[in-house]
**Student:** 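My questions all concern the structure below.
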Amino acid sequence: EVQVAESGGGLVQVGGSLRLSCYASGLPFNDHAIGWFRQAPGKEREGVACISSSDSSTYYADSVKDRFTVSIDNYKNTAYLEMSALKPEDTAVYYCAAVPSYNARMSSWFIQELYDFWGRGTQVTVSS
């Protein structure tokens with residue numbers, strides 16, 4: 001059974017930092033990429049970042065570029081999303097999801113329908 005689970009969410013002040021983790025099991029981790037998505041209240045879910053476990057290629061949404069960093073530890077089957085300089089507009093439920101590496105490209109990493117397995121999400125709240 002494939003399981004994907006996020007952890008590390010919480011409450012942080014504006015300008016603060018937070019690290020989210022995404023653990024995946026039951027799938028060939030080295031053949032997949034991990035995408036991070038978020039959904040703010042009243043808004044559609046959007047792509048945040050993605051990292052391929054096969055070649056460590058990374059992709060970011062413009063809104064988080066230079067503030068968020070995605071990384072991966074293949075030995076632990078875990079991906080991380082390091083968030084810094086957090087803003088109130090970063091408040092959202094953050095999800096991670098797994099997609100075959102061949103779909104993790106500049107033109108497609110943010111397409112949610114390509115992702116096979118999703119976590120349940122973790123809340124990140126940035127307070128001012």
Side-chain angles (χ1 to χ4, degrees):
E1 180 186 5
V2 177
Q3 292 186 337
V4 178
E6 311 88 347
S7 61
L11 176 66
V12 63
Q13 292 187 334
V14 169
S17 300
L18 204 60
R19 187 177 81 161
L20 304 182
S21 300
C22 175
Y23 174 72
S25 63
L27 52 76
F29 195 77
N30 289 348
D31 293 334
H32 281 74
I34 299 295
W36 288 95
F37 297 81
R38 67 185 181 186
Q39 186 168 22
K43 295 187 177 181
E44 293 186 354
R45 189 163 59 186
E46 63 177 0
V48 175
C50 178
I51 184 167
S52 174
S53 58
S54 60
D55 61 5
S56 296
S57 297
T58 57
Y59 309 98
Y60 295 93
D62 289 342
S63 59
V64 305
K65 204 171 293 183
D66 299 327
R67 298 190 299 122
F68 290 12
T69 302
V70 63
S71 61
I72 202 161
D73 185 334
N74 286 329
Y75 293 103
K76 295 183 178 179
N77 281 20
T78 301
Y80 303 96
L81 183 66
E82 298 269 2
M83 305 183 292
S84 62
L86 284 162
K87 306 174 182 180
E89 51 264 42
D90 293 318
T91 295
V93 177
Y94 283 73
Y95 300 87
C96 67
V99 64
S101 293
Y102 56 78
N103 275 331
R105 302 175 181 174
M106 179 69 73
S107 59
S108 62
W109 70 268
F110 48 87
I111 300 175
Q112 300 178 42
E113 290 77 7
L114 296 177
Y115 287 76
D116 300 314
F117 306 103
W118 290 78
R120 294 184 177 184
T122 185
Q123 177 70 47
V124 172
T125 303
V126 184
S127 67
S128 54

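These numbers were taken from a predicted model, which means no experiment stands behind them.
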**Student:** As an exercise, state the distance from CG of Leu86 to CZ of Phe68, rounded to the nearest 0.5 Å.
**Tutor:** 5.0 Å
**Student:** Under 4.5 Å between side-chain heavy atoms, hopping through other hydrophobics if needed: is there a path connecting Phe29 to Tyr102?
**Tutor:** no
**Student:** Treating Tyr115 as the side-chain partner and Trp109 as the backbone partner, does any N or O pair qualify as donor plus acceptor under 3.5 Å?
**Tutor:**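 Flag set: sc Tyr115 to bb Trp109 pair under 3.5 Å.
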**Student:** Do the side chains of Glu6 and Trp36 get nearer than 4.5 Å, heavy atoms only?
**Tutor:**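 Yes; the side chains approach each other to less than 4.5 Å.
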**Student:** Between Ser84 (side chain only) and Ser17 (backbone N and O only), is there a donor and an acceptor less than 3.5 Å apart?
**Tutor:** no
**Student:** Residues in side-chain hydrogen bond (donor to acceptor under 3.5 Å, both in side chains) with Ser54, at least two apart?
**Tutor:**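 Ser54 satisfies side-chain hydrogen bond (donor to acceptor under 3.5 Å, both in side chains) with Ser52 only.
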**Student:** Counting N and O atoms only, with roles assigned by atom type, does the side chain of Gln3 sit under 3.5 Å from a partner on the main chain of Ser25, one being a donor and the other an acceptor?
**Tutor:**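 Checking the backbone N and O of Ser25 against the side chain of Gln3, no donor-acceptor pair under 3.5 Å is found.
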**Student:** Among residues at least two apart in sequence or on other chains, which ones pass ring-ring contact (aromatic ring centres under 6.0 Å, His included) with Tyr95?
**Tutor:**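 With neighbours one apart ignored, the set is empty.
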**Student:** Quick check: is Leu114 connected to Tyr59 through a chain of hydrophobic side chains (ILVMFWY, heavy atoms under 4.5 Å apart)?
**Tutor:**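 Cluster IDs for Tyr59 and Leu114 match.
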**Student:** So does Val70 get a backbone contact from the side chain of Glu82, meaning a donor-acceptor N/O pair under 3.5 Å?
**Tutor:**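 The answer is no, because no donor-acceptor pair under 3.5 Å joins these two groups.
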**Student:** Has Ser107 got a side-chain atom pairing as donor or acceptor with Arg105's backbone, closer than 3.5 angstrom?
**Tutor:** no
**Student:** Tell me whether Thr122 contacts the main-chain N or O of Gly9 through its side chain, where contact means a donor paired with an acceptor under 3.5 Å.
**Tutor:** yes
**Student:** When you check the side-chain N and O atoms of Tyr80 and Arg19, is any donor under 3.5 Å from an acceptor?
**Tutor:**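 Checked: Tyr80/Arg19 side chains show no N/O donor-acceptor pair below 3.5 Å.
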**Student:** Quick one: do Tyr94 and Leu18 end up in the same hydrophobic cluster if we chain Ile, Leu, Val, Met, Phe, Trp and Tyr together by side-chain heavy atoms under 4.5 Å apart?
**Tutor:** yes
**Student:** Kindly write out the residues that satisfy side chain to side chain contact (heavy atoms under 4.5 Å, CB included) with Asp31, not counting sequence neighbours, or none if the list is empty.
**Tutor:** Pro28
**Student:** If you look at every heavy atom in Val93 and Gly121, which pair is closest and at what distance?
**Tutor:**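 Closest approach of Val93 to Gly121: CG1-CA, 3.8 Å.
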**Student:** Strictly distance-based, threshold 3.5 Å: is any side-chain N or O of Asn74 a donor or acceptor partner for the main-chain N or O of Ser53?
**Tutor:**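 Checked: pair present.
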**Student:** Kindly say whether Glu44 contributes a backbone atom to a donor-acceptor pair with the side chain of Gln39 at under 3.5 angstrom?
**Tutor:**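 No: the side chain of Gln39 does not pair with the backbone of Glu44.
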**Student:** Drop me the distance from Leu81's CG to Ile72's CD1, to the nearest 0.5 angstrom.
**Tutor:**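 One gets 12.0 Å once the value is rounded to the nearest 0.5 Å.
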**Student:** If we ignore hydrogens and angles and just use 3.5 Å, is the side chain of Ser108 paired with the main-chain N or O of Asn103 as donor and acceptor?
**Tutor:**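 A pair under 3.5 Å: yes.
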**Student:** Do we see a donor-acceptor contact under 3.5 Å between the side chains of Gln123 and Thr125?
**Tutor:** yes
**Student:** With a 6.0 Å cut-off (strictly less than), is the heavy-atom count around CG of Asp55, excluding the residue itself, greater than 12?
**Tutor:** yes
**Student:** Which value, rounded to the nearest 0.5 Å, describes the distance between Glu46 atom CD and Gln112 atom CD?
**Tutor:**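 Glu46 atom CD to Gln112 atom CD measures 9.0 Å (nearest 0.5 Å).
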**Student:** Indicate if Val64 and Ile111 have the same hydrophobic cluster label, given that clusters are the connected sets of ILVMFWY residues with side-chain heavy-atom separations under 4.5 angstrom.
**Tutor:**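 No, Val64 and Ile111 fall in different hydrophobic clusters.
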**Student:** Is there side-chain contact between Cys96 and Val4, with at least one heavy-atom pair below 4.5 Å?
**Tutor:**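 With C-beta onward as the side chain, the pair touches.
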**Student:** When clusters are formed by joining ILVMFWY residues with side-chain heavy atoms under 4.5 Å apart, either directly or through shared neighbours, do Phe110 and Val48 land in the same one?
**Tutor:** no
**Student:** Given the side-chain rings of Phe37 and Trp118, with only the six-membered ring counted for Trp, is the space between their centroids under 6.0 Å?
**Tutor:**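 Centroid distance Phe37-Trp118: below 6.0 Å, so yes.
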**Student:** Any chance you could measure Ile34, atom CD1, to Ser71, atom OG, to the nearest 0.5 Å?
**Tutor:** 11.5 Å
**Student:** Hey, does the side chain of Asn77 reach the backbone of Ala24 with a donor-acceptor pair shorter than 3.5 angstrom?
**Tutor:**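 Yes; at least one donor-acceptor contact below 3.5 Å.
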**Student:** Just verifying a value: how many Å separate Leu20 CG and Arg38 CZ, rounded to the nearest 0.5 Å?
**Tutor:** 11.0 Å
**Student:** Stepwise, does the salt bridge (Lys or Arg N to Asp or Glu O under 4.0 Å) test hold for Asp90 with Lys87?
**Tutor:** CA-CA 5 Å; Asp90 293 318; Lys87 306 174 182 180; over 6 Å; no
